[in-house]
J.: 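I'd like to ask some things about the structure below.
Treat the numbers as computed from the prediction; the structure is a model and nothing was measured. Counting convention: from 1, in listed order, for ligands and their atoms alike.
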Amino acid sequence: MALGKVYLVGAGFGGPEHLTLKALRVLEEAEVVLHDRLVHPEILALARGEKVPVGKEGYGPKTPQEEIHRRLIHLARQGLVVARLHGGDPMVFGRGGEEVLALKAAGVPFEVVPGLTSAVGAPSLLGLPLTFRGRARSFAVATGHDPSQPLPQADTLVLLMPLHALTGLKARLMERFPPETPLALLARVGWPGEEVRLGRVADLPGLGEGLPSPALLVVGEVVGLA
Ligand code: SAH
């Protein structure tokens, strides 16, 4: 039987208006859609094929990454067109890189369909520049949840998954920025329950108290311009 194909699709960080035309076409064509919990329900509703959640904590059973690889390869070998739907972009903290390696090793045809990552799209949607002429010439995206990792060097920092690590983050941010440096916590951008909190490095961790997830943190002088 002919091999099917796997599309690693970025759904963007918010609702269907931020979906690319290509992602929409693939969602309409795919016979099976494996999706994670950061995909907006209105986007899932556009998928015509069978929908299989491959969730992490808080959203159905946790599916080990190797099991996702196994399923993708198995479905493609049955001749099916499969979409592996990621929140944001598949290649930004989305394990898309591991999936590419697994599909390559198995000889399964695949294609990556980029999506609008929350790291860039969420601040942008809310009118927050990540760079600004004369004020911020660089930005970096990193995970906020691992206190053992050093923060990257850039004028503006975008930290994903920060909510459980705000105390440790404050200490690390204080090594790099003055305590009065502005920051923004952006939660559920483009989703119901969207919430924005503006403050200063010195306001952590209290500023994040009770904030819903998913959320990200933007730190730098640019936040004060918005
Ligand atoms: N691949 C995704 C990121 C997955 S990691 C992307 O490119 O966007 C999950 C983290 O992304 C969350 O903890 C949060 O920091 C961020 N995130 C995703 N969607 C978000 C949203 N709608 N609003 C705020 N942060 C979001």
J.: Taking NZ, NE, NH1 and NH2 as the nitrogens, is one of them in Glu180 or Arg200 under 4.0 Å from a carboxylate oxygen of the other?
T.: no
J.: For Arg188 and Glu194, indicate whether the former's side chain and the latter's backbone hold a donor-acceptor pair under 3.5 Å.
T.: no
J.: Output every pair passing ring pair (Phe, Tyr, Trp, His ring centres under 6.0 Å) with a member in residues 162-195, not counting sequence neighbours, ordered by first then second residue.
T.: His40-Trp191
J.: So, Arg70 and Glu66, do they make that salt bridge, N to O below 4.0 Å?
T.: no
J.: Under a 4.0 Å heavy-atom cut-off, which residues neighbour ligand 1?
T.: Phe13, Leu38, Gly87, Gly88, Asp89, Val92, Phe93, Thr117, Ser118, Leu160, Met161, Leu186, Arg188, Val189, Trp191, Pro214, Ala215, Leu216
J.: Give every residue pair that meets the side-chain hydrogen bond (donor to acceptor under 3.5 Å, both in side chains) criterion with at least one member in residues 102-121, sequence neighbours excluded.
T.: Lys5-Glu111, Lys22-Glu111
J.: Tell me, please, which residues at least two apart from Phe13 pass ring pair (Phe, Tyr, Trp, His ring centres under 6.0 Å).
T.: His18
